[in-house]
Amino acid sequence: MKYIGAVILTMGLSSDVFIASISKGLAIRKLTGKKLFGISFVFAVVQGGFAILSYQLSEGTGWIFEWLDHWISFIFLLTIGNIMLIRSYHNEELDQKEPDIRYFTVLLIGIAVGNDVLAISTTDTFSQINQWIGMGIIWTETFLIASLGIIIGHNLGIKYRYKSEFAGGIILIALAVKILLFGLGRK
């Protein structure tokens with residue numbers, strides 16, 4: 001039963017990754033297995049890495065992450081979302097070539113949407129299970145959910161080609177505001 005609770009909690013943790021991966025998938029014109037695996041892998045490693053880090057930290061430090069996580073997410077996602085909006089106004093450049101997958105940008109988005117794992121994985125649900133199994137649950141679910149989001153985003157991006165970069169930017173900005181408001185409401 002404790003593992004089911006961890007799976008359900010991880011689904012909630014991965015919802016922001018799902019939205020961010022849709023945003024990333026919108027910009028991909030030709031989706032390959034390598035791109036799908038690479039982006040999903042980065043999201044999963046960041047989430048899993050944060051889980052390991054939180055296990056290593058004492059439970060007494062969870063309040064620091066609860067205080068900071070939403071501000072970090074807001075700044076990263078707002079910045080990346082605005083960059084996507086600015087790039088969306090260069091439609092002729094989008095027509096000429098496929099945008100590069102910037103794994104550093106994926107890493108920043110992963111940090112922005114994944115840092116809540118630092119505060120959450122010290123909860124009772126995760127403290128009752130082996131840390132490596134908990135990290136494996138987080139890693140696997142995040143990888144699968146990110147892959148699904150990328151595929152959905154890619155398919156929408158093909159259909160709405162010119163508006164996809166703009167929509168991705170709006171999604172990230174909206175996600176930034178949602179995370180900030182939720183974080184401020186926790187106080």
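Not measured: the values here are computed from a predicted model.
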For [X] and [Y], which heavy atoms make the closest approach, and how far apart are they?
X    : Y    : result
I109 : A20  : CG2-CB, 3.5 Å
K35  : K30  : NZ-O, 3.0 Å
A146 : F43  : CB-CD1, 3.9 Å
I138 : G48  : CG2-N, 4.0 Å
Y103 : V42  : CD2-CG2, 4.0 Å
V46  : I111 : CG1-N, 3.8 Å

With the side chain counted from C-beta on, respond yes when [X] and [Y] share a heavy-atom pair under 4.5 Å apart, and no when they do not.
X    : Y    : result
I133 : I137 : yes
I171 : L26  : yes
K24  : I28  : no
F41  : F143 : yes
S40  : I150 : yes

Output every pair passing salt bridge (Lys or Arg N to Asp or Glu O under 4.0 Å) with a member in residues 168-178, not counting sequence neighbours, ordered by first then second residue.
-> D16-K178
By side chain to side chain donor-acceptor pair (under 3.5 Å), which residues pair with T105, not counting sequence neighbours?
->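 By the side chain to side chain donor-acceptor pair (under 3.5 Å) rule, T105 matches no residue at all.
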To the nearest 0.5 Å, how far apart are CE in M135 and OG1 in T140?
-> 8.5 Å
Can you measure from CD1 (I145) to OG (S15) and round to the nearest 0.5 angstrom?
-> 8.0 Å
Write out all pairs satisfying ring pair (Phe, Tyr, Trp, His ring centres under 6.0 Å) with one or both partners inside residues 10-36, taking only residues at least two apart or from two chains.
->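 Applying ring pair (Phe, Tyr, Trp, His ring centres under 6.0 Å) to every pair that reaches into residues 10-36, excluding sequence neighbours, yields nothing.
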Of V177, I173, L172, L180, the one forming a side chain to side chain contact (heavy atoms under 4.5 Å, CB included) with L78 is I173
